[in-house]
Amino acid sequence: QFQATGVQTCFHDRHIGAQIYAGLDGTNWRLADYEARGGYQALRKILTEGLTPDQVIAEVKASGLRGRGGAGFPTGLKWSFMPRQFPGQKYLVCNSDEGEPGTCKDRDILQFNPHIVIEGMAIAAYAMGISVGYNYIHGEIFKSYDRFEEALEEARAAGYLGDKIMDSTYNFQLHAAHGFGAYICGEETALLESLEGKKGQPRFKPPFPASFGLYGKPTTINNTETFAAVPWIIRNGGPAYLECGKPNNGGTKIYSVSGDVELPGNYEVPMGTPFSKLLELAGGVRKGRTLKAVIPGGSSSPVLPAEIMMACTMDYDSIAKAGSMLGSGAVIVMDDSRSMVESLKRLSYFYMHESCGQCTPCREGTGWLWRVVDRIHNGQGKATDMDLLNSVADNIQGRTICALGDAAAMPVRAMIKHYRHEFEALIPGYVPKTPAKA
Ligand code: SF4
């Protein structure tokens with residue numbers, strides 16, 4: 001089931017994985033536990049062995065780590081954009097504003113392994129010459145916020161944060177900020193606005209945050225899972241991380257598998273793992289049912305029919321080649337009992353509700369999409385509605401300030417492309433243009 005709030009309560013605490021989730025049982029999140037797992041050794045290695053910022057960035061580049069928030073942008077390259085010699089304050093921001101329907105990995109990283117994010121941020125800040133950082137945490141995630149705050153206190157007391165970290169000359173102050181639950185604040189510039197105490201609305205880009213970010217200063221923003229991957233990379237080397245996955249798709253990735261599976265939960269597996277294997281880990285499709293479709297990367301990513309999805313591996317390139325996006329790694333599984341019209345109705349309502357209203361195509365268009373899909377679902381659709389849906393999606397996509405407009409339009413196109421017959425069948429008197437599937 002989709003969860004309109006972006007916070008899932010139906011998940012089991014299943015943490016299967018090698019690098020971020022390894023050995024977590026819900027009780028071993030404290031500093032001593034993290035240190036026993038090798039925690040803060042990467043930061044110590046940098047500071048005691050005197051690794052230069054360039055060497056750290058080179059290691060991250062060699063790892064092939066790509067942003068885990070959804071865009072998949074190469075992390076090392078992003079870090080190299082930060083103007084190192086900038087004379088004023090620079091900022092590091094962790095985007096823990098996890099709100100994409102289907103995604104619930106970051107809240108679990110913060111709750112079950114908070115120090116890995118702190119260490120990853122401290123390493124990133126060192127590499128970019130930054131002395132102040134913020135972790136912006138989704139407003140509906142209370143337990144994770146409290147846990148991260150506790151971990152911050154432990155790290156400060158142990159000398160892993162603050163001035164002269166581990167008796168070096170390196171200073172880094174890190175703070176947690178709690179959002180108010182708006183989906184749009186996961187968009188990086190809306191997040192910055194919110195962090196500054198303003199209404200969370202996306203900014204026009206350019207300028208990009210690397211030159212004009214928090215309080216107008218150079219800022220680097222990465223996702224929680226991205227920072228969490230960094231300590232392992234520094235401890236084991238970039239090439240070793242790359243080898244865990246496949247070329248251009250280094251390391252492991254956490255997938256939040258939800259919907260019609262026996263064991264919904266978070267699974268950390270190597271990049272390039274066959275989808276069929278991930279489905280198997282999640283207990284397979286609900287008993288007595290067959291796989292119909294999968295939304296592979298959060299609700300913004302286009303739906304893929306079962307036969308296409310079963311041929312995919314879980315990495316950026318394979319999913320893109322199949323016509324969708326890996327996104328945040330929220331895998332929503334739908335069995336043969338699901339109505340695609342009803343699914344799209346719920347998705348469209350979500351985007352209409354979460355539009356910040358700043359630009360007309362998104363503000364008006366998301367409402368049009370929902371109203372048209374709603375009337376089709378209610379059996380009151382018109383013969384022209386299929387063309388109307390495509391036209392509205394055309395007039396949103398690529399014409400808005402931020403990607404929410406695209407995120408609302410793309411699922412509509414994909415649903416119509418693959419399941420048009422389900423929509424047509426609900427429109428009274430509609431003469432189908434496509435043969436109905438059995
Ligand atoms: Fe706001 Fe939508 Fe425009 Fe993004 S696309 S700025 S959410 S109105």
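First listed ligand is number 1; within each ligand, the first listed atom is number 1. All heavy atoms count here, side chains included; hydrogens, waters and symmetry mates do not.
- Interface of Thr400 with ligand 1, defined as ligand atoms under 4.0 Å from a residue heavy atom, comprises 5 (S).
- Ion pairing between a basic and an acidic side chain is recognised when a charged N comes within 4.0 Å of a carboxylate O; Lys143 and Glu150 show no such pairing.
- Both cation-pi conditions hold for Lys253 and Tyr255: the charged atom is under 6.0 angstrom from the six-membered ring centre and inside a 45 degree cone around its axis.
- For Thr366, no heavy-atom contact with ligand 1 is shorter than 4.0 Å.
- Each of Leu388, Leu389, Asp387 was checked for a side chain to side chain contact (heavy atoms under 4.5 Å, CB included) with Asp385, and the lone residue meeting it is Leu388.
- Between atom 2 (Fe) of ligand 1 and Cys356 there is no N/O/S contact shorter than 2.8 Å.
- In this structure, the protein non-hydrogen atom closest to atom 6 (S) of ligand 1 is Gln358 NE2, 3.5 Å.
- The distance from ligand 1 to the heavy atoms of Ile401 drops below 4.0 Å at these ligand atoms: 6 (S).
- Both cation-pi conditions hold for Lys292 and Tyr419: the charged atom is under 6.0 angstrom from the six-membered ring centre and inside a 45 degree cone around its axis.
- For ligand 1 and Cys362, the ligand atoms under 4.0 Å from any heavy atom of the residue are 2 (Fe), 5 (S), 8 (S).
- Applying the 4.0 Å criterion to heavy atoms of Gly405 picks out, from ligand 1, the atoms 5 (S).
- The residues Arg286 and Glu262 are annotated as not salt-bridged, no charged nitrogen and carboxylate oxygen being separated by less than 4.0 angstrom.
- Set against the non-hydrogen atoms of Ser355, the atoms of ligand 1 under 4.0 Å away are 2 (Fe), 8 (S).
- The parts of Cys402 lying near ligand 1 are both backbone and side chain, judged by heavy-atom distances below 4.0 Å.
- By the 30° and 60° cut-offs, the orientation of the rings of Phe81 relative to Phe73 is tilted.
- Under a 4.0 Å criterion applied to the non-hydrogen atoms of Cys359, ligand 1 contributes the atoms 3 (Fe), 5 (S), 6 (S), 8 (S).
- For the pair Arg66 and Tyr316, the cation sits on the ring face: its NZ or CZ lies under 6.0 Å from the ring centre, inside 45° of the axis.
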